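If you're wondering where the values come from, they're calculated on a predicted model, not measured in any experiment. Lettering of chains follows the sequences in order, A, B, ..., and the numbering in each one begins at 1.
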Protein chains: 2
Amino acid sequence: MKIGEAAAASGVSAKMIRYYEDIGLIDAPPRSASGYRHYREEDIHMLLFVRRGRELGFSMPQLRTLTSLWRDKTRASADVKRLANDHIATLNARIASLQAMADTLKTLARQCQGDARPDCPILDALRQPQADRSQPQDHSGQK
Amino acid sequence: MKIGEAAAASGVSAKMIRYYEDIGLIDAPPRSASGYRHYREEDIHMLLFVRRGRELGFSMPQLRTLTSLWRDKTRASADVKRLANDHIATLNARIASLQAMADTLKTLARQCQGDARPDCPILDALRQPQADRSQPQDHSGQK
DNA sequence: ATCAACCTTACCACCATGGCAGGGTCAAGC
DNA sequence: GCTTGACCCTGCCATGGTGGTAAGGTTGAT
């Protein structure tokens, strides 16, 4: 299978397949006499594996570890689980960070009249020193 | 105030201050005879404004609009509010995407023994065609 | 033989940020 | 005045994952 077919079959662009090979994430496939890369079913599985890992938000270093675990038939599932749990923690942190931004903005937007007048608590908040801007309607202290 | 002091006062690195000037996000300040940039209080406020906007996750194009709204004393607060709401929607989309990744991984990790044996549903899921992996305890069909 | 569709490598661009190099400036201490 | 150290200036390089483009080779079908 040539690279174009491999790309179509795996959903990874030919460009990225070459890149992944370049950085050593996937093995270099055999070449034809004229230099064309030649992929087998197994290679397509690897590309699908990488693509799905990316879709789950794994970083390239994590993916490197994941693929080596995948190839290692004697791996311990605990190693995979630990990596997954690490990644879940990372995702949760990013979610919390984005959620904090959204919460702040929601509060500010709620306070903004949104009419033709120039007064705007959103701009005010950006102008002034950092104040506690998180959900002021809730004074119970629970997050 | 020289750029180093402005950086310390605003929390924006000197490097980034020059960059923001370069791309026209902030105005070029006056220079001393020897070429040193000279900042006033007002400029520091602008830098703080930009920094807080970045902390809230606004993109550079959005910040460009925000700063021009900030400078425009005759702006309509509706314009600011619309920009904020757009950004909230973007943030929500990113949160939902990350949350979906985390949910999938949590489900897989829960199914993984995490012991010394190699069998691992996480790797299996990455190997196989996309299946419905979202919260399998719910069979109602609602997404 | 020709032509289109594919393949190859090797660049450039993005964007926000940091780092480094090479050289100028300023202020304090002597 | 001279030295020294802390600052400032510009300009270049690197990042990371992806897309684009260009110039040239291969293949297969007509």
Side-chain angles (χ1 to χ4, degrees), chain A residues 1-40 43-44 46-67 87 90 94 97-98 101, chain B residues 1-40 43-44 46-67 87 90 94 97-98 101:
Chain A
M1 216 193 300
K2 288 187 290 184
I3 199 171
E5 298 165 88
S10 67
V12 180
S13 72
K15 194 85 191 213
M16 291 313 299
I17 295 177
R18 295 194 194 96
Y19 175 69
Y20 290 155
E21 177 187 330
D22 209 48
I23 64 174
L25 183 61
I26 61 176
D27 288 338
R31 305 274 192 128
S32 73
S34 54
Y36 284 21
R37 290 171 181 81
H38 187 72
Y39 298 89
R40 287 149 309 167
D43 302 315
I44 307 304
M46 174 63 95
L47 288 170
L48 282 167
F49 182 91
V50 169
R51 177 166 77 85
R52 294 195 189 111
R54 293 293 289 160
E55 284 170 0
L56 287 178
F58 283 102
S59 68
M60 300 299 282
Q62 284 175 319
L63 222 33
R64 232 174 252 277
T65 306
L66 268 182
T67 53
H87 185 41
T90 302
R94 285 161 62 188
S97 167
L98 293 176
M101 295 179 195
Chain B
M1 221 195 299
K2 288 187 290 184
I3 200 171
E5 298 166 88
S10 66
V12 179
S13 72
K15 193 85 191 209
M16 290 313 298
I17 296 177
R18 295 193 194 98
Y19 175 69
Y20 289 155
E21 176 188 333
D22 208 48
I23 65 173
L25 183 61
I26 60 176
D27 288 337
R31 305 273 191 129
S32 72
S34 53
Y36 284 20
R37 290 172 180 81
H38 187 72
Y39 298 90
R40 289 150 307 166
D43 301 314
I44 306 305
M46 174 62 97
L47 289 170
L48 282 166
F49 182 91
V50 169
R51 178 166 75 87
R52 294 197 188 110
R54 293 293 290 161
E55 284 170 0
L56 286 178
F58 284 102
S59 68
M60 299 300 282
Q62 284 174 319
L63 264 187
R64 233 174 250 279
T65 307
L66 268 182
T67 52
H87 185 40
T90 302
R94 284 161 62 188
S97 168
L98 293 177
M101 295 180 195

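To the nearest 0.5 angstrom, B:Glu21 atom CD is 9.0 Å from B:Arg18 atom CZ. Rounded to the nearest 0.5 Å, atoms OG1 (B:Thr65) and CE (B:Met60) are 11.5 Å apart. Expressed to the nearest 0.5 Å, how far CG of B:Asp43 lies from OG of B:Ser10 amounts to 10.5 Å.
In this structure, B:Glu55 atom CD and C:dA16 atom P are separated by 16 Å, rounded to whole Å. Rounding to whole angstrom units, CE of residue A:Met16 and P of D:dG17 are separated by 8 Å. Across the protein-nucleic acid pair, A:Glu5 atom CD and C:dA5 atom C1' stand 12 Å apart, rounded to whole Å. Atom OH of A:Tyr19 is separated from atom P of C:dC14 by 18 Å (rounded to the nearest Å). Atom P of nucleotide C:dA16 and atom CG of B:Leu47 are separated by 16 Å, given to the nearest angstrom. Separating the CD atom of B:Gln62 from the C1' atom of C:dC15 is a distance of 15 Å, rounded to the nearest angstrom. Per the geometry, CZ belonging to A:Phe58 stands 19 Å off C1' belonging to D:dG16, to the nearest Å. When rounded to the nearest whole Å, the span between CE of B:Met60 and P of C:dA16 equals 5 Å.
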Where do B:Tyr36 and B:Ile3 land on the side chain to side chain contact (heavy atoms under 4.5 Å, CB included) test, with the steps shown first? CA-CA 8 Å; B:Tyr36 284 20; B:Ile3 200 171; over 6 Å; no

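Scored by the side chain to side chain donor-acceptor pair (under 3.5 Å) test, A:Ser59 finds A:Gln62 as partners (sequence neighbours excluded). Residues meeting the side chain to side chain donor-acceptor pair (under 3.5 Å) test with B:Glu5, sequence neighbours left out: none. Partners of B:Phe49 under the ring pair (Phe, Tyr, Trp, His ring centres under 6.0 Å) rule, at least two apart in sequence or in another chain, are B:Trp70.
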N/O to N/O distances under 3.5 Å, protein versus nucleotides 10-13 of chain D:
from	atom 1	to	atom 2	distance (Å)
D:dT10	OP1	B:Arg31	NH1	3.3
D:dT10	OP1	B:Arg31	NH2	3.0
D:dT10	OP2	B:Arg37	NH1	3.1
D:dT10	OP2	B:Arg37	NH2	2.9

Atom pairs under 3.5 Å: protein N/O with N/O of nucleotides 23-27 of chain C:
from	atom 1	to	atom 2	distance (Å)
C:dG24	N2	B:Tyr36	OH	2.7
C:dT25	O4'	B:Tyr36	OH	3.2
C:dT25	O3'	B:Ser34	OG	3.3
C:dT25	O2	B:Tyr36	OH	3.4
C:dC26	OP1	B:Ser34	OG	2.8

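Closest contact between the side chain of B:Ile3 and the listed nucleotides C:dC15, D:dG17, D:dC9 involves D:dC9.
The list of side chain to side chain donor-acceptor pair (under 3.5 Å) pairs with a residue in residues 25-34 of chain A, not counting sequence neighbours, reads A:Ser32-A:Ser34.
Put simply, the side chain of A:Arg37 reaches to within 4.5 Å of the side chain of A:Pro29, judged on heavy atoms.
Not one side-chain nitrogen or oxygen of B:Ser13 sits closer than 4.0 Å to the OP1 or OP2 atom of C:dT17.
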